[in-house]
**Student:** 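Before I ask anything, here is the structure I am working with.
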Amino acid sequence: MEGTAQGLARGLTNYGDADFSVYLRRSFAASMGYSQDVLKRPVVGIANSFSEFNNCHRHFPEMVAAVKRGVLMGGGLPLEFPTISLGEVFLSPTSLKFRNLMAMDTEEMIRAQPMDAVVLMGGCDKTVPAQLMGAASADLPAVYLVAGPMMTSRHGEERLGACTDCRRFWGKYRAGEVSRAQIDDIESRLATTAGTCAVMGTASTMACIVETLGMCLPGTAAIPAVHADRLRAAEASGLAAARMVANPIRPSQIITEKSVENALRVLLAVSGSTNAMIHLTAIAGRLGIGVSLERLNRLSDETPVLVNLKPMGSAYMEDFFFAGGVGAVLRELKGKLHLDCLTVTGETLGDRLEREGGYVDRRVIAPAAQPLEPEGGLVALFGNLAPRGAILKRAAADKRLFETEGRAVVFTSLADLAARIDDPALDVRADDILVLQNAGPQSEAGMPESGYLPIPRKLSAQGVRDMIRISDARMSGTAFGTIVLHIAPESAIGGPLALVRTGDRIRLSVAEKRIDLLVDEDELARRRAAFVSPVPPAGTRRGYDRLYATEVLQADEGCDFAFCRPQVGPVNPAR
Ligand code: FES
């Protein structure tokens, strides 16, 4: 029965009598008030990541109702199930640590429960990659439905959108340009509707990537969370998932080498979040597809920046939606894209773009012939400080700092940073390079979004707005500055970043795509020999914390768990 079984007859609970298992399951399902006719339908699961610890998903109950309507229209039985939710700002030490847990939850619940297709509902930063990673591994027909972005708000005459403006105003407050009363007033105006952050942060970048990959319905990535079109998209997503039961298209047919390359192009053209590199690498890795930083650089050299959204530009996601959204960007990039990639609708990307057209607001989405920047928004750096790579969002950085040699001012941990950054006695100048160690994936910090080191208060008070900052941490997609991130291998396991000392010279060259520590090899060898990892031994940790510490991969491998990838390596008996 297993191979051809449909609906509630799929994936039976094992009692040693398949017919009894079906009988029992139907009778228990009937207890929820379903008729026998409805219980015979194919089942469309709805992976709902609603949580009261996730403001970005607060409209999901209304969206779920619309998805269910669509599934019923398509002849399916919609069955909603909860998964872990990851509300970006509610998680400690950082949401990335739990992305893989959500991916495992999603994968296993898709696999374990009887469903023929699934609608994945997420949006806040890590939820989208987590669900796509899980769905890719489960490989059941799936349609993604993103939360959609928040609407902007106002403070006086200024538009406010989470969370680039959160950082902008906090920077002004630290510099004494905004009063305590003003910052308190702004606090309640930064995030005023349901939905994900209003700029091209990680959530919006991942939504654009989902649409480019072909895992959601065309045109749905940028619809504001509170717009009626979002509910129509939900209904259509439910209908599409129900239709996929008869014509199954699996994530492994959609997420391919070619569609991943298309996604990288769009990431570069929208000048998206640096986090998206980690997430796309992890998603692709679930299907055995490699995403190298060298490949990113090759694509970045020939992919222009087209989208004028914060944090790089001036517009917000609602403007992007009305300007033409992802479709308009894809049409501009058409000549560089693989058009034969399949999407959840069954049509190819090329089919889609052939049929689409219409108004494009050129203030928000530039034509490829007149791009905002000739090269992509992200660039990978290599060198003796980052043998396996690092990343810089060059479109959101200060070009005057691109070719710099400076003195390192080192902070050995987040606690050290917090203790000293605003110390009036801190020996730091505007042309120094701030270095943060021990904030990578295996560190106790868990690779938080703390790569956006604050400008020391005594310098920000003098008007310094940007400095080169270097770390193995991440940065919020809503942040900006000349910030080198994701250095691999990380310092906590002895990567070269661990060897930097205050007073060393560091050279950054964006033109050469290099980041180097200018210390002679003998001295580095001495420091390497004296290195002691601050990571507590695995034996002193327990539960998920231990699993994470022992299995998480480095940033250039997407920070996935090694054992979740298709090819599992040899088991280490010491673990
Ligand atoms: Fe959820 Fe920004 S906090 S997307």
Side-chain angles (χ1 to χ4, degrees), residues 48-60 63 83-99 102 120-132 144-153 159-170 186-211 216 220-227 230 267 270-276 278-280 309-312 315-318 320-321 326 393 396 447-452 474-480:
N48 182 3
S49 56
F50 171 83
S51 162
E52 289 187 341
F53 286 100
N54 191 338
N55 59 292
C56 301
H57 296 187
R58 74 169 156 91
H59 56 315
F60 275 19
M63 290 225 298
T83 69
I84 295 169
S85 189
L86 304 176
E88 183 62 24
V89 299
F90 294 96
L91 289 158
S92 176
T94 177
S95 64
L96 179 66
K97 182 165 181 178
F98 306 102
R99 183 201 63 181
M102 184 176 180
L120 305 161
M121 290 181 57
C124 193
D125 290 17
K126 311 303 178 292
T127 59
V128 177
Q131 290 183 316
L132 281 182
Y144 207 98
L145 175 65
V146 296
M150 292 178 203
M151 301 297 284
T152 55
S153 178
R159 265 177 107 184
L160 295 181
C163 221
T164 302
D165 296 322
C166 319
R167 295 172 200 287
R168 187 164 61 87
F169 276 99
W170 190 253
I186 291 165
E187 178 185 297
S188 59
R189 297 166 190 259
L190 285 164
T192 51
T193 75
T196 49
C197 286
V199 298
M200 191 54 81
T202 304
S204 301
T205 306
M206 291 311 301
C208 294
I209 283 177
V210 173
E211 186 170 332
C216 69
T220 61
I223 304 168
V226 296
H227 195 297
R230 173 66 46 210
L267 166 62
V270 303
S271 192
S273 165
T274 46
N275 283 320
I278 291 178
H279 298 323
L280 188 56
L309 252 62
K310 289 192 175 196
M312 186 211 89
Y316 295 86
M317 278 300 285
E318 66 199 62
F320 182 58
F321 169 63
V326 175
K393 189 171 185 176
M447 206 181 183
E449 291 185 339
S450 50
Y452 178 77
R474 297 177 297 118
M475 172 176 89
S476 165
T478 63
F480 47 87

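Numbering of ligands and ligand atoms starts at 1, following listing order.
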**Student:** What closest approach, in Å, do Ala396 and Met312 show between heavy atoms, and which atom pair accounts for it?
**Tutor:**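 Looking at all heavy atoms of both residues, the shortest contact is N-CG, 4.4 Å.
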
**Student:** If you count the atoms of ligand 1 from 1 in the order shown, which ones are under 4.0 Å from a heavy atom of Cys56?
**Tutor:** 1 (Fe), 3 (S), 4 (S)

**Student:** Whether the side chain of Arg230 engages the backbone of Thr220 through a donor-acceptor N/O pair (distance < 3.5 Å, no angle test) should be reported.
**Tutor:** yes

**Student:** Among all protein heavy atoms, pick the one closest to atom 2 (Fe) of ligand 1 and tell me residue, atom and distance.
**Tutor:** Cys197 SG, 2.2 Å

**Student:** For Met447, which of Asn275, Thr94, Ile278 qualifies under side-chain contact (heavy atoms from CB on, under 4.5 Å)?
**Tutor:** Ile278

**Student:** Number the atoms of ligand 1 from 1 as they appear, then name those within less than 4.0 Å of a heavy atom of Ala203, with their elements.
**Tutor:**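 Per the distance check, 4 (S).
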
**Student:** Establish, yes or no, whether the cationic atom of Arg167 lies under 6.0 Å from the six-membered ring centre of Tyr452 and within 45° of the ring axis.
**Tutor:** yes

**Student:** Counting from 1, what ligand 1 atoms have a heavy atom of Thr196 closer than 4.0 Å?
**Tutor:** 4 (S)

**Student:** Going by the order shown, which atoms of ligand 1 are within less than 4.0 Å of some heavy atom of Glu88?
**Tutor:**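 Near Glu88, meaning under 4.0 Å from one of its heavy atoms, ligand 1 has 3 (S).
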
**Student:** When you compare the side chain of Leu160 with that of Ile186, does any pair of heavy atoms fall below 4.5 Å?
**Tutor:**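 A side-chain contact under 4.5 Å exists here.
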
**Student:** For ligand 1, is any non-hydrogen atom under 4.0 Å from Cys124's backbone (N, CA, C, O), its side chain (CB onward), both, or neither?
**Tutor:** both

